[in-house]
Amino acid sequence: MLAKRIIPCLDVRNGRVVKGTKFADIQDAGDPVELAAFYDREGADELVFYDITASAEGRRTMVDVARRTAEQVFIPFTVGGGVSDVDSMRALLNAGADKISVNSAAVRRPDLINEGAERFGSQCIVLSIDCARRTRPDGSTWWEVVIDGGRVPTGMDVLKWAEEGVRRGAGELVLNSIDADGTKDGYDNELNRAVAERVDVPVIASGGAGTLQHLADGILMGKADAVLAASIFHFGQYTIAEAKAYLRQHGIPVR
Amino acid sequence: MIAIIDYGMGNLRSVEKALAHVGAQAAVTQDPEVLEKATGVVLPGVGAFAQAMDNLKAAGLVEPIRRAIASGKPFLGICLGLQLLFETSEERFCDDAALPRGLGIVPGRVRRFPAGPKVPQIGWNTLLFPKATRLFAGVDEGSYVYFVHSYYAEPADPAVVAAVTEYGIEYCSAVEAGNVMAVQFHPEKSSRVGLQILSNFAALCR
């Protein structure tokens with residue numbers, strides 16, 4: 001049976017993990033490669049590197065991170081953050097990344113999804129969507145696509161953008177709830193479920209995980225195929241093994 | 001030295017690095033002479049079936065692959081590299097095109113997953129072993145490995161099935177027939193279990 005996936009996400013700036021981590025057996029908690037190898041050993045199913053570097057020079061550093069990761073880490077890993085053209089995708093994939101996630105650049109120029117999927121295959125292209133919960137005048141809920149780290153509203157409906165992204169060739173969707181992000185109150189499972197029921201590609205819940213129950217809720221209530229989390233693992237609050245045991249107890253198939 | 005065939009279908013670096021990690025000497029190549037001298041051959045690949053066959057033909061690699069297999073040296077197909085070993089695939093270029101033909105080394109066909117769970121299958125799924133094989137020596141029944149695919153192989157002879165996996169249907173996820181081995185999943189992305197499988201293959205290449 002296909003397992004539900006647990007995916008730690010590492011924010012990287014200029015080739016270093018930001019926010020830091022607390023693990024006794026990690027020599028250099030700022031080294032993304034060492035941290036990635038640690039998560040592979042721990043049983044993480046995939047990894048995401050999210051590049052928050054501003055400069056072009058820093059972006060080239062990410063290619064080097066991908067190359068070094070591929071030498072030591074033998075689970076799939078995705079690189080995202082600021083990728084806006086096919087050449088950058090190729091450089092990262094050739095360096096050993098398995099998937100590229102696109103976000104704001106795909107909103108600005110949706111053909112980026114088609115170009116990536118046609119060149120490298122849909123399985124390489126992850127569409128990441130930053131979602132903000134809104135209320136219509138009649139009181140009903142909708143979600144607006146926001147870009148540039150959640151600062152810029154676009155007026156676009158997340159459900160429609162998700163469907164369009166899949167039609168254009170995205171092989172997976174990451175739904176990052178801007179409202180839930182950082183709250184540790186749980187994923188926006190109404191959002192996750194609404195999208196998961198409309199598309200036939202895997203949906204990855206992101207933003208808001210603070211407890212193991214939240215991971216289970218993302219899968220059971222949000223119908224997500226995978227859950228992405230950062231702080232609950234980075235700060236040693238829970239191990240991947242504890243998270244898997246918890247999900248297994250709740251009847252969720254895990255590796 | 002193990003030759004990893006480069007025919008322009010996806011990233012081969014991770015296969016090379018995983019083999020290096022288990023202590024094997026491996027090199028990415030499209031040179032038929034290197035295939036000839038290699039102690040083992042890996043045919044990886046991600047992408048479309050017909051395009052892959054076209055690329056193999058254009059690179060003049062079809063006959064060298066047949067010779068390598070006929071010579072008896074260990075051969076490992078990975079993902080699309082498994083599917084290419086079969087006779088035909090339902091992965092047509094367009095609806096009215098003829099079924100593309102593969103290498104035809106393993107009798108049988110490649111089929112699309114029937115309606116049911118999401119296609120492509122992306123993620124970790126389990127292996128069950130209908131028989132003992134060299135490729136899966138030391139790998140526990142029920143081990144998880146990483147899959148990304150929309151089509152699966154249906155061998156004509158069930159005796160070649162080395163592993164089965166359940167995804168809506170139970171299907172053949174690995175074959176082993178003499179020196180010809182192939183896996184539908186990605187051992188190079190399947191953590192410790194995948195490295196064990198590659199290590200088993202590398203040991204046969206010595």
Side-chain angles (χ1 to χ4, degrees), chain A residues 1-7 37 39-47 66-78 89-100 117-124 126 166 171-173 196 199-204 223 225-226 240 244 253-255, chain B residues 6 8-22 28 45-48 51-52 79-80 113 115-128 142-150 165-168 170 173 185-199:
Chain A
M1 195 172 191
L2 190 68
K4 301 296 179 185
R5 291 169 275 160
I6 294 181
I7 308 177
Y39 277 126
D40 180 359
R41 288 195 302 276
E42 283 267 288
D45 297 308
E46 282 187 50
L47 294 166
R67 185 176 298 113
R68 290 191 297 123
T69 301
E71 282 165 7
Q72 293 181 39
V73 176
F74 300 100
I75 55 176
F77 68 96
T78 301
M89 291 181 180
R90 183 186 294 107
L92 288 163
L93 292 168
N94 283 344
D98 297 281
K99 310 177 194 183
I100 303 298
E118 278 160 25
R119 206 70 65 88
F120 311 112
S122 285
Q123 79 286 343
C124 290
V126 179
V166 171
E172 290 182 284
L173 300 177
V199 299
D200 54 7
V201 301
V203 166
I204 300 165
K223 303 287 172 199
D225 298 276
I240 303 284
K244 294 246 175 124
V254 289
R255 176 167 73 103
Chain B
D6 177 10
M9 296 303 283
N11 172 31
L12 315 174
R13 194 179 294 272
S14 34
V15 177
E16 185 185 20
K17 287 178 171 173
L19 281 168
H21 192 81
V22 299
V28 172
V46 169
Q51 178 74 53
C79 194
L80 186 58
F113 277 124
K118 291 178 180 178
V119 174
Q121 172 177 218
I122 300 179
W124 298 80
N125 206 334
T126 48
L127 299 174
L128 294 175
S143 291
Y144 279 93
V145 289
Y146 188 79
F147 290 88
V148 182
H149 64 125
S150 301
T165 296
E166 190 270 321
Y167 191 65
E170 192 171 83
S173 50
F185 55 88
H186 289 274
E188 76 281 11
K189 290 292 166 185
S190 295
S191 199
R192 195 180 45 79
V193 170
L195 295 175
Q196 173 71 51
I197 293 163
L198 290 174
S199 176

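If you're wondering where the values come from, they're calculated on a predicted model, not measured in any experiment. Labels below follow one simple rule: chain letters A, B, ... track the order of the sequence lines, proteins then strands, and each chain is numbered from 1.
Considering only heavy atoms from C-beta on, B/Trp124 stays 4.5 Å or farther from A/Leu2 through its side chain. For the pair B/Thr126 and A/Met1, the minimum side-chain heavy-atom distance is 4.5 Å or more. Between A/Phe74 and B/Ser190, every side-chain heavy-atom pair lies at or beyond the 4.5 Å cut-off.
B/Leu12 does not touch chain A: none of its heavy atoms, backbone or side chain, sits under 4.5 Å away. Of the atoms belonging to B/Gln121, it is side-chain heavy atoms, and not backbone ones, that fall under 4.5 Å from chain A.
Note: A/Glu71 leads A/Gln123, A/Lys4, A/Glu71 in heavy-atom pairs under 4.5 Å with chain B. In terms of heavy-atom pairs under 4.5 Å with chain B, the best-connected choice from A/Gly121, A/Ala95, A/Ala97, A/Gly43 is A/Ala95. For the set B/Lys118, B/Glu166, B/His149, the count of heavy-atom pairs under 4.5 angstrom toward chain A peaks at B/Lys118.
Note on A/Asp40 versus B/Arg192: no salt bridge recorded, every NZ/NE/NH1/NH2 to OD/OE distance being 4.0 Å or above.
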Would A/Arg67 and B/Lys17 satisfy side chain to side chain contact (heavy atoms under 4.5 Å, CB included), going step by step from the backbone distance to the final call? CA-CA 10 Å; A/Arg67 185 176 298 113; B/Lys17 287 178 171 173; 3.7 Å; yes

Stepwise side chain to side chain contact (heavy atoms under 4.5 Å, CB included) test for B/Ser143 and A/Arg255: CA-CA 8 Å; B/Ser143 291; A/Arg255 176 167 73 103; over 6 Å; no

For the pair A/Arg5 and B/Ile122, evaluate side chain to side chain contact (heavy atoms under 4.5 Å, CB included) and give the outcome as yes or no after the intermediate values. CA-CA 10 Å; A/Arg5 291 169 275 160; B/Ile122 300 179; 4.1 Å; yes

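B/Ser191 pairs in a side chain to side chain contact (heavy atoms under 4.5 Å, CB included) with only one of the listed residues (A/Ile75, A/Val73, A/Asp45), which is A/Ile75.
Qualifying side chain to side chain contact (heavy atoms under 4.5 Å, CB included) partners for A/Val166, counting only residues two or more places apart in sequence or in other chains: A/Leu173, A/Val199, A/Asp200, A/Val201.
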